[in-house]
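Heads up, the thing below is written out as structure tokens.
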Protein chains: 2
Amino acid sequence: MATKRAQMMEETRAKLVRAAREAFATKGYAAASMDDITADAGLTRGALYHNFGGKKGLLQAVVDQIDAEMVARLIAAQERAPSPWEGLLAEGVTYIEMALEPEVQRIMLLDGPAVLGDPSQWPNQNACLLRTTQTIQALIDEGTVKPVDAEAAARLINGAALNAALWIAAADEPRAVLPKAVEAFRQLAAGLLQTER
Amino acid sequence: MATKRAQMMEETRAKLVRAAREAFATKGYAAASMDDITADAGLTRGALYHNFGGKKGLLQAVVDQIDAEMVARLIAAQERAPSPWEGLLAEGVTYIEMALEPEVQRIMLLDGPAVLGDPSQWPNQNACLLRTTQTIQALIDEGTVKPVDAEAAARLINGAALNAALWIAAADEPRAVLPKAVEAFRQLAAGLLQTER
DNA sequence: TCAATACGCATACGGTTCGTATGTGAAAAA
DNA sequence: TTTTTCACATACGAACCGTATGCGTATTGA
């Protein structure tokens with residue numbers, strides 16, 4: 001039986017994460033006070049410290065939640081593609097598109113790395129990167145991609161997409177810049193393809 | 001005549017920037033207190049507010065200084081290369097190497113963007129990226145590189161190099177993965193080259 | 001069913017940091 | 001020399017964070 005206490009605790013955690021996600025996205029991590037967040041969730045800082053250990057722990061929880069959502073969307077985009085190679089490109093493009101959302105930009109691309117450190121160390125980010133690495137390795141095995149180090153290629157691809165995302169998010173006209181970024185991304189990625197045809 | 005007051009002021013600004021650069025690099029922006037920084041420079045917060053307007057202004061000054069140094073190194077690396085295209089690759093490798101330095105990583109890649117916003121919108125419009133953009137534009141004009149958007153390409157190239165650097169920095173054996181990263185970087189960048197042969 | 005315990009969360013307090021408002025002494029102007 | 005300017009120091013109040021402690025309800029055991 002799921003104890004009633006556990007249910008309550010899960011509920012308060014959800015409320016705190018929801019309020020924090022909202023506050024971090026709009027004000028940024030540093031400017032968002034724990035008093036405001038907890039009050040917004042109908043609680044106090046006591047609950048926050050008990051459940052997450054502190055402000056950083058709460059950010060970690062928010063990051064994990066968003067990260068999981070992003071990974072799900074990346075997988076969906078890849079599976080929708082007609083070929084593994086197109087799947088890799090679709091993944092990158094999806095990643096770029098997600099950065100149009102202020103929430104992703106602020107929490108995942110700016111405050112997250114600054115407060116929590118290297119994103120590639122985040123649990124779900126590792127899974128995402130690992131999957132990209134495997135995809136590239138498969139493309140290497142089938143001869144579509146040059147025999148480079150799969151992990152290195154995956155990290156560079158991800159990094160390129162990430163910076164394109166940051167660029168778009170900060171641009172005056174995101175919708176106008178998006179196609180440029182996507183085109184440049186496809187060109188860059190093409191560098192991994194076997195040259196002969 | 002350069003008034004004595006102006007000389008004094010320039011001196012105190014230099015001392016503050018020096019102390020701040022040290023503190024930001026080691027403790028990070030958020031954890032570095034203004035009292036510590038100013039005391040370390042033999043001053044008080046009064047001088048800081050008078051000269052830089054606040055903590056963010058001081059960070060901006062530090063960022064501008066480091067940015068200028070980075071550009072100088074990028075230019076030097078590019079001029080040392082045998083061809084414009086090799087110059088671009090040399091820039092990327094140099095960028096990777098610079099990102100391995102904790103100071104650059106902490107201030108320019110993590111705290112800077114988080115506190116000041118996207119680098120391309122910094123008042124001093126980060127010359128680093130501008131430099132790469134110009135290099136790529138030149139390569140496009142001479143026909144070496146495909147006619148993509150120069151800024152987009154520069155962003156992606158920088159992003160790839162940046163992530164490569166973060167990967168290397170977090171690796172168990174940095175010196176072992178460095179060549180892998182450089183090789184993958186060269187392959188990716190080759191995607192920008194004209195295909196005909 | 002009832003007493004005892006566990007524990008999730010609220011409350012209270014001290015310490016640190018930040019921003020502004022005001023004071024001061026030396027350089028510059030008169 | 002007197003007056004003004006201004007670079008910087010000092011003083012004060014407010015906000016925020018982390019820990020220690022208290023309270024009330026859910027859970028456990030007899």
Side-chain angles (χ1 to χ4, degrees), chain A residues 1-63 106-107 111-112 114-116, chain B residues 1-63 106-107 111-112 114-116:
Chain A
M1 129 188 186
T3 80
K4 188 174 179 182
R5 283 185 105 117
Q7 287 181 20
M8 289 285 292
M9 212 167 161
E10 203 55 38
E11 174 62 23
T12 65
R13 286 172 64 102
K15 281 195 284 192
L16 285 173
V17 168
R18 200 179 318 136
R21 186 168 168 167
E22 165 83 16
F24 291 160
T26 55
K27 306 187 204 171
Y29 175 80
S33 84
M34 300 168 74
D35 283 316
D36 289 347
I37 293 173
T38 51
D40 201 17
L43 298 165
T44 68
R45 290 211 323 281
L48 198 162
Y49 277 97
H50 191 72
N51 281 283
F52 299 99
K55 200 178 183 184
K56 283 173 65 172
L58 183 56
L59 175 61
Q60 182 72 61
V62 172
V63 160
R106 181 79 241 184
I107 299 177
D111 288 336
V115 177
L116 303 175
Chain B
M1 131 189 184
T3 80
K4 187 172 179 184
R5 283 184 105 115
Q7 288 180 21
M8 289 286 292
M9 212 168 160
E10 203 54 40
E11 174 63 23
T12 66
R13 286 171 65 104
K15 281 196 283 192
L16 284 173
V17 168
R18 201 181 316 136
R21 184 168 170 167
E22 165 83 15
F24 291 159
T26 55
K27 305 186 204 171
Y29 176 80
S33 85
M34 300 167 74
D35 284 315
D36 289 348
I37 292 173
T38 52
D40 201 16
L43 299 163
T44 68
R45 287 210 324 281
L48 199 161
Y49 277 98
H50 190 73
N51 282 282
F52 298 99
K55 200 178 183 184
K56 283 173 66 172
L58 183 56
L59 175 61
Q60 183 71 64
V62 171
V63 160
R106 181 81 241 182
I107 299 177
D111 288 337
V115 176
L116 304 175

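Side chains are part of it too, since the values below use all heavy atoms of this structure and drop only hydrogens, waters and symmetry mates.
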(message) Within the 4.5 Å heavy-atom criterion, are A:L48 and A:K55 side-chain neighbours or not?
(response) no
(message) How many whole angstroms separate atom CG of B:D35 from atom P of D:dA11?
(response) 13 Å
(message) Could you check whether B:R106 makes a cation-pi contact with B:F24, meaning its NZ or CZ is under 6.0 Å from the centre of the six-membered ring and within 45° of the ring axis?
(response) no
(request) Drop me the distance from B:L43's CG to B:D35's CG, to the nearest 0.5 angstrom. (result) 12.5 Å
(message) Strictly below 4.0 Å: does B:T12 bring a side-chain N or O up to OP1 or OP2 of D:dA7?
(response) no
(request) State whether B:R18 and B:D40 are salt-bridged, where the test is any N-O pair (Lys NZ or Arg NE/NH1/NH2 against Asp/Glu carboxylate O) under 4.0 Å. (result) no
(request) Please state how far atom CD in A:Q7 lies from atom C1' in D:dT27, giving the value in whole angstrom units. (result) 14 Å
(request) Find the distance A:M9:CE to C:dG8:P and express it as a whole number of Å. (result) 4 Å
(request) May I have the distance from A:M34 (atom CE) to D:dA15 (atom C1'), rounded to whole angstrom? (result) 14 Å
(message) Within this structure, what is the CZ-OG distance for the pair B:R45 and B:S33, rounded to the nearest 0.5 Å?
(response) 9.0 Å
(message) Any base atoms under 4.0 Å from A:A32, or only sugar-phosphate, or nothing? Heavy atoms, all strands.
(response) sugar-phosphate
(message) Working to the nearest 0.5 angstrom, can you tell me the gap between A:E11 CD and A:L16 CG?
(response) 10.0 Å
(request) Take atom CG of B:L58 and atom P of C:dG19, then tell me their distance rounded to the nearest Å. (result) 11 Å
(message) Against B:L58, only a single residue in B:T38, B:N51, B:I37 fulfils side chain to side chain contact (heavy atoms under 4.5 Å, CB included); can you say which?
(response) B:I37
(request) For DNA chain C, find the residues of residues 42-55 of chain B with a heavy-atom distance under 4.0 Å and give them by number; none if there aren't any. (result) B:R45, B:Y49, B:K55
(request) Compare all side-chain heavy atoms of A:K56 with those of A:Q60 and state whether any distance is below 4.5 angstrom. (result) no
(message) Let's see if you get this right: which residues in residues 13-29 of chain B place a heavy atom under 4.0 Å from DNA chain C?
(response) none
